[in-house]
Amino acid sequence: MGSGAGSFFKVVLKNFDVLAGPLVGLLYPLYASIRAIETKSQVEDQQWLTYWVFHSMITLFEMTFAKVLEWIPIWPYAKLVLLCWLSMPCFSGASYVYEHYLRPLMVNQQRVNLWYVPKGKDPSNQRDDIITAAEKYIQQHGSGELQYMLDNAEMRRRNSSSSYYGYAEDHEY
């Protein structure tokens, strides 16, 4: 009996990453994400949205470099440690990475997506939202910069509407 229990623990320790990975990387974050949806806490929403972005990036990385990662025996454990750091509330790694790396990139971004209008309940507000965004952009960068951006967008639109044979397809159906 003692050797059976010892063998069981050896198998568990040998496959710890296989057993703990889904628990730490999927089940707990899934549960915490559902809880965050039900609360009004923006901090929790940020933590779990950021976690799922990083989880997706790690998954894409693994899918892309699967053949290389097979040769790195420590990768499953490194991934487990990374997922623990990103997801565990005592670390809040996803929020840390967002606050210190992603947010500064997005806040300091020079280009403004003028055409992005968040979904609202009233479609008539879309025009006001676009005008407000344009006014804000003009205040920050000047009207010349806005005109330059609009001219570039128009030029890209014209270039993308040309057909395979090189002439513009401006006809209506």
Student check: side-chain heavy atoms of [X] and [Y] closer than 4.5 Å:
X	Y	result
V97	T50	no
I37	D45	no
S87	V24	yes
S95	Y51	no
Y28	P89	yes

Measuring from [X]:[atom1] to [Y]:[atom2], what's the distance to the nearest 0.5 Å?
X	Y	atom1	atom2	value
M88	F91	CE	CZ	8.0 Å
L26	S33	CG	OG	10.5 Å
W85	S92	CH2	OG	9.5 Å
L102	Y96	CG	OH	12.5 Å
L69	I74	CG	CD1	12.5 Å
K79	H55	NZ	NE2	5.5 Å

### is_close_aromatic(W71, F65), centroid dist under 6.0 Å
no
### Message
Assigning hydrophobic clusters by single linkage (Ile, Leu, Val, Met, Phe, Trp, Tyr; side-chain heavy-atom cutoff under 4.5 Å), is M57 placed with W52?
### Response
yes
### Hphob cluster co-occupancy, Y98 + Y101, side-chain heavy atoms under 4.5 angstrom
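Linked within one cluster.
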### Task
Answer yes or no: are there more than 12 heavy-atom neighbours, outside E154 itself, under 6.0 Å from its atom CD?
yes
### Message
Using a 6.0 Å cut-off, check whether atom OH of Y148 has over 12 heavy atoms from anything other than its own residue.
### Response
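Not buried by this count: 12 neighbours or fewer within 6.0 Å.
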### Task
Check the side chains of W75 and E70 for a donor-acceptor pair under 3.5 angstrom, ignoring hydrogens and angles.
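E70 vs W75: no donor-acceptor pair found between side chains.
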#### Entry: Shared-cluster residues of L49, by chain and number - hydrophobic side chains joined below 4.5 Å
none
### Query
Of all heavy-atom pairs between P29 and L23, which one has the smallest distance, and what is that distance?
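Closest pair (atom of P29, atom of L23, distance): CD-O, 4.1 Å.
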### Message
I'd like to know if the side chain of E44 and the backbone of A32 have a donor-acceptor N/O pair within less than 3.5 Å.
### Response
no
